[in-house]
**Q** 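Structure in structure tokens, see below.
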Amino acid sequence: MIAKKTEKKSGVLLNNPIVKAIGTQRLIALLALIIIYIVFGAISPAFRQYSTLVNIFDASYYIGFMAIGVTFAITTGGIDLSIGTVLVCSSLVTGALATKYNVPIALTLILCILIGAIFGLMNGLMISYMGLPPFIATLGSMMLSKGLGSIFTKAQSVTWPQATEADGWFRSIFKVNITNANGLSTPIPTGFILLLAVAILMAILLNKTRPGRYIVALGSNIEATRLSGVNVAKWQTLAYVISGTMAGIAGIAYAAVYSTLLPGGGAGFELDAIAGVVIGGTSMSGGYGTIAGTLIGVFIMSVLKTGLPFIGLQTHYQQVATGLVLIFAVFMDVANRKKRN
């Protein structure tokens with residue numbers, strides 16, 4: 001009797017219109033984000049300051065753009081391990097072009113995105129036409145981009161133009177400082193508007209267009225999709241081009257928020273992005289992707305990265321927390337997949 005009542009209550013909850021509209025896993029992720037933020041704020045009063053909120057947004061931009069892009073690759077049933085090092089490589093190369101070779105900053109921003117797209121295209125071709133497993137292909141691209149960035153800059157750090165310089169205008173895309181009558185400066189995280197706009201466009205592409213439906217179909221059953229007459233290689237390649245392009249945009253965001261870029265970096269950034277994607281509800285086995293869920297997952301990762309130092313946990317503890325969150329998210333994905341089956 002008790003079991004029947006519990007089952008009935010569970011069924012009512014799952015059939016709730018709000019739960020259906022948001023999605024069970026996305027709703028859990030959203031509640032987790034709110035709880036994590038409240039807990040950090042309760043433990044550390046300094047975490048509740050406006051400056052901390054700005055730092056959370058700063059940390060979310062580059063992870064967010066990478067995560068939005070890799071959502072497409074994961075939806076096909078693949079993975080892109082190169083996005084972190086591609087981000088750093090594109091930022092290093094174009095930053096060096098701007099500062100050492102006086103290339104106009106507007107052109108370097110375009111080149112930064114283009115470099116990411118080229119790596120994405122290379123990944124797509126290796127996976128779709130050469131038949132390499134996504135893990136191996138993108139692992140090779142990770143090593144390649146990591147090495148090329150260091151070679152081009154001769155293993156020297158690169159500093160993009162600062163906001164006070166004439167060529168530093170690009171930083172205002174992500175943060176604007178407004179000075180009041182008392183001379184106090186207040187940073188406004190304008191990058192959130194750009195991140196949200198890109199997320200909406202990518203959600204429309206994934207859910208409301210033919211290329212998006214084909215990408216989802218690849219993850220559901222690639223052989224059935226091929227037999228139905230769809231050019232599988234073309235749309236699989238597109239998914240990785242999108243992933244690489246978004247890594248290039250993430251490179252601009254990273255350069256705009258952080259002053260100095262170091263060669264050989266970027267390894268590990270992809271884990272934050274992939275964790276955000278999986279936490280948000282995108283299936284690691286492919287066939288289902290959600291950009292809205294990815295955005296929620298990204299902010300969970302950003303709050304963790306920003307908040308853990310406030311409670312006295314440094315970098316190595318942050319890595320442990322990221323690993324545990326990723327394992328839990330994959331476990332949730334497996335459980336949901338078994339339930340659907």
**Q** Do the side chain of Thr190 and the main chain of Ile173 share a donor and acceptor less than 3.5 angstrom apart?
**A** yes

**Q** Would you say Val198 and Leu194 make side-chain contact, with heavy atoms under 4.5 Å?
**A** yes

**Q** Checking side-chain contact (heavy atoms from CB on, under 4.5 Å) for the pair Ile68/Leu195: CA distance, chi angles, key distance, verdict?
**A** CA-CA 9 Å; Ile68 290 170; Leu195 180 62; 4.0 Å; yes

**Q** I need the Phe135 CZ to Ile79 CD1 distance, nearest 0.5 Å.
**A** 9.0 Å

**Q** Can you list the other members of the hydrophobic cluster that holds Tyr101, where links are side-chain heavy atoms under 4.5 angstrom apart?
**A** Val86, Val93, Leu97, Val103, Leu107, Leu111, Leu114, Ile115, Ile118, Phe119, Met122, Met126, Met130, Leu132, Leu144, Leu148, Phe152

**Q** Checking the side chain of Thr306 only, and the main-chain atoms of Val303 only, is there a donor and an acceptor separated by less than 3.5 Å?
**A** no

**Q** Would you indicate whether Phe328, at its atom CZ, is surrounded by more than 12 heavy atoms from other residues, nucleotides or ligands within a distance under 6.0 Å?
**A** no

**Q** Could you give the distance from CD1 (Ile300) to CG (Asp272), rounded to the nearest 0.5 Å?
**A** 12.5 Å

**Q** Indicate whether the side chain of Ser243 and that of Asp80 have a donor and an acceptor atom separated by less than 3.5 Å.
**A** yes

**Q** Please confirm whether the backbone N or O of Asn221 pairs with a side-chain atom of Thr225, one donor and one acceptor, at under 3.5 Å?
**A** yes

**Q** When rounded to the nearest 0.5 angstrom, what distance separates CE in Met246 from CG in Leu87?
**A** 11.5 Å

**Q** In terms of hydrophobic clusters joined by side-chain contacts under 4.5 Å, are Leu238 and Val277 together?
**A** yes

**Q** Apply side-chain contact (heavy atoms from CB on, under 4.5 Å) to the pair Gln162 and Arg171, showing each step before the final yes or no.
**A** CA-CA 8 Å; Gln162 299 301 308; Arg171 294 182 185 271; 3.6 Å; yes

**Q** To check you understand the geometry: which heavy-atom pair defines the closest contact between Ala29 and Ile279, and what is its length?
**A** CB-O, 3.8 Å

**Q** Same cluster or not: Leu196 versus Leu53, using hydrophobic residues (I, L, V, M, F, W, Y) connected whenever any side-chain heavy atoms lie under 4.5 Å apart?
**A** yes

**Q** Between Ala199 and Leu295, what is the shortest heavy-atom contact and its length?
**A** CB-CD2, 4.1 Å

**Q** So, the side chain of Ser91 versus the backbone of Gly251: is there a donor-acceptor pair under 3.5 Å, distance only?
**A** yes

**Q** Which heavy atom in Ile74 sits nearest to a heavy atom in Thr282, and how many Å separate them?
**A** CG2-CG2, 3.8 Å

**Q** Given 3.5 Å as the limit, does a donor-acceptor pair link the side chain of Thr290 with the main chain of Gly293, or not?
**A** yes

**Q** Got Lys305 and Ile63 here, is their nearest side-chain heavy-atom distance under 4.5 Å?
**A** yes

**Q** Evaluate the side-chain proximity of Phe174 to Ile252: yes if any heavy-atom separation is below 4.5 Å, no if none is.
**A** yes

**Q** Using a distance-only test with no angle check, is there a side-chain donor-acceptor pair under 3.5 angstrom linking Ser128 and Thr237?
**A** yes

**Q** Do Ser141 and Asn123 have side-chain atoms, one donor and one acceptor, less than 3.5 Å apart?
**A** yes

**Q** Side-chain heavy atoms under 4.5 angstrom apart, residues restricted to Ile, Leu, Val, Met, Phe, Trp, Tyr: same cluster for Ile127 and Met284?
**A** no

**Q** For residues Ile188 and Asn177, determine if any side-chain heavy atom of one lies less than 4.5 Å from a side-chain heavy atom of the other.
**A** no

**Q** For residues Ala46 and Thr52, report the shortest heavy-atom separation together with the two atoms involved.
**A** O-OG1, 3.1 Å

**Q** Taking the side chain as C-beta and beyond, is there a heavy-atom pair between Lys175 and Pro187 under 4.5 Å?
**A** yes

**Q** Indicate yes or no: at least one non-hydrogen side-chain atom of Ile249 is less than 4.5 angstrom from one of Met66.
**A** no

**Q** Go through the steps to decide whether Met202 and Ile242 satisfy the test side-chain contact (heavy atoms from CB on, under 4.5 Å), and finish with yes or no.
**A** CA-CA 9 Å; Met202 291 297 104; Ile242 293 172; 4.2 Å; yes

**Q** So that I know where these two stand, are Trp160 and Phe170 an aromatic pair - ring centroids less than 6.0 Å apart?
**A** yes

**Q** Judged by atom type as modelled, is there a donor-acceptor pair below 3.5 Å linking the side chain of Tyr61 to the main-chain atoms of Val257?
**A** no

**Q** Measure the CD1-OG1 distance between Ile222 and Thr76 for me, rounded to the nearest 0.5 Å.
**A** 7.5 Å

**Q** Do Met143 and Leu139 come within less than 4.5 Å of each other through their side chains, counting heavy atoms only?
**A** yes

**Q** For Ala98 and Ile105, which heavy atoms make the closest approach, and how far apart are they?
**A** CB-CD1, 4.0 Å

**Q** Taking all non-hydrogen atoms of both residues, which atom of Lys146 and which atom of Ser150 are closest, and how far apart?
**A** O-OG, 3.3 Å

**Q** Is it true that Ile110 and Trp169 fall in one hydrophobic cluster, defined by side-chain heavy atoms closer than 4.5 Å?
**A** no

**Q** Pair Ile35, Val39 - check side-chain contact (heavy atoms from CB on, under 4.5 Å), show working.
**A** CA-CA 6 Å; Ile35 291 169; Val39 168; 4.1 Å; yes

**Q** Would you indicate whether the side-chain heavy atoms of Tyr240 and Leu121 approach each other to under 4.5 Å?
**A** no

**Q** When rounded to the nearest 0.5 angstrom, what distance separates CD1 in Ile83 from OG1 in Thr245?
**A** 12.5 Å

**Q** Please report the interatomic distance CD(Gln236) to OH(Tyr214), rounded to the nearest 0.5 Å.
**A** 15.5 Å

**Q** Test of understanding: with ring pair (Phe, Tyr, Trp, His ring centres under 6.0 Å), list the residues that count as partners of Phe269, not counting sequence neighbours.
**A** Tyr62, Tyr254

**Q** Give every residue pair that meets the ring-ring contact (aromatic ring centres under 6.0 Å, His included) criterion with at least one member in residues 24-53, sequence neighbours excluded.
**A** Tyr37-Phe47, Phe40-Phe47, Phe47-Phe310

**Q** Does a donor on one side chain and an acceptor on the other come within less than 3.5 Å for Thr294 and Thr71?
**A** yes

**Q** Taking Val232's backbone N and O only, do any of them form a donor-acceptor pair with Arg226's side chain (distance below 3.5 Å, no angle check)?
**A** no

**Q** Do you reckon Val320 sits in the same ILVMFWY cluster as Leu271, going by side-chain contacts under 4.5 Å, direct or chained?
**A** no

**Q** Report the C-alpha separation of Ser145 and Thr85 in whole Å, then their side-chain angles, then the decisive distance to 0.1 Å, and conclude whether the side chain to side chain donor-acceptor pair (under 3.5 Å) test is met.
**A** CA-CA 6 Å; Ser145 57; Thr85 53; 2.8 Å; yes

